[in-house]
**Q** 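First the structure, which I've put down as structure tokens, then a few questions once you've had a look.
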Amino acid sequence: MKQQAHSSQSLLELYLENPEQLVRHRFKHKIKQTKDDVAEWFDGTVKSVNKIPNDKLKTKYLVTYDLDGDEEMFSMPLLIDLQRGDLVLL
């Protein structure tokens, strides 16, 4: 997974220039569960851009995760996680 994360990180500049380029991408996202502080990887899809602030690294995206047919959307700062290696593009 580390090599895939590094490969995805190399695309960060592209998404900082044009955050909309990330829409419709599939990904694996490393998320810590707050109750037990254990990180897990979840598959998901970027549905749209939610908010682009002046600091584009903090752009929030609306995403869905592949969780038992759940279509709930979440607003996530994916570029920060991409930079950290906690987001892998598929």
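All figures in this text were calculated on a predicted structure; none of them were measured in a lab.
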**Q** Met73, Val46: one ILVMFWY side-chain cluster at the under-4.5 Å cut-off?
**A** no
**Q** Mind checking ring pair (Phe, Tyr, Trp, His ring centres under 6.0 Å) for Phe42 and listing every partner two or more places apart, or none if nothing turns up?
**A**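 Expected list: none.
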**Q** Within the 4.5 Å heavy-atom criterion, are Leu67 and Glu72 side-chain neighbours or not?
**A** no
**Q** Under the side chain to side chain contact (heavy atoms under 4.5 Å, CB included) rule, what do Lys28 and Leu90 come out as? Steps first, then yes or no, please.
**A** CA-CA 7 Å; Lys28 286 190 174 291; Leu90 304 177; 4.0 Å; yes
**Q** Taking all atoms of both residues into account, what is the closest heavy-atom pair of Leu79 and Lys56, and its distance?
**A**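 That would be CD1-O, 3.3 Å.
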**Q** Would you check if there is a donor-acceptor pair between the side chains of His25 and Tyr61 at a distance under 3.5 Å?
**A** no
**Q** Contact between Leu89 and Leu22 at the side-chain level, heavy atoms closer than 4.5 Å - yes or no?
**A** yes
**Q** So do the side chains of Pro53 and Thr59 get within less than 4.5 Å of each other, counting heavy atoms only?
**A** yes
**Q** For Val23 and Lys47, which heavy atoms make the closest approach, and how far apart are they?
**A** CG1-O, 3.4 Å
**Q** Which value, rounded to the nearest 0.5 Å, describes the distance between His29 atom NE2 and Thr45 atom OG1?
**A**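 Answer rounded to 0.5 Å: 13.0 Å.
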**Q** Apply side chain to side chain contact (heavy atoms under 4.5 Å, CB included) to residues Phe27 and Trp41 and explain how you reach the verdict.
**A** CA-CA 10 Å; Phe27 60 81; Trp41 288 92; over 6 Å; no
**Q** Find out whether Ile80 and Leu87 are in side-chain contact, i.e. whether some heavy atom of one side chain is under 4.5 Å from a heavy atom of the other.
**A** no
**Q** What's the separation between atom CD in Glu13 and atom CG in Leu11, rounded to the nearest 0.5 Å?
**A** 10.5 Å
**Q** Say you draw a straight line from CG of Asp81 to CE of Met76; how long is it, rounded to the nearest 0.5 Å?
**A**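 Those atoms lie 6.0 Å apart.
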**Q** Is it true that Asp66 and Arg26 have a side-chain N and a carboxylate O under 4.0 angstrom from each other?
**A** yes
**Q** State, to 0.1 Å, how close Gln83 and Leu12 come at their nearest heavy-atom pair, and which atoms those are.
**A**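 Taking Gln83 first and Leu12 second, the nearest heavy atoms are CB-CD2, 3.8 Å.
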**Q** Could you check Ile31 against Phe74 for side chain to side chain contact (heavy atoms under 4.5 Å, CB included), going step by step and ending with a plain yes or no?
**A** CA-CA 13 Å; Ile31 300 175; Phe74 299 89; over 6 Å; no
**Q** Find out if a path of hydrophobic residues (ILVMFWY) with successive side-chain heavy-atom gaps under 4.5 Å connects Leu57 to Leu62.
**A**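 No, separate clusters.
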**Q** Output the distance between atom CG (Asp86) and atom CG (Leu78), rounded to the nearest 0.5 Å.
**A** 11.0 Å
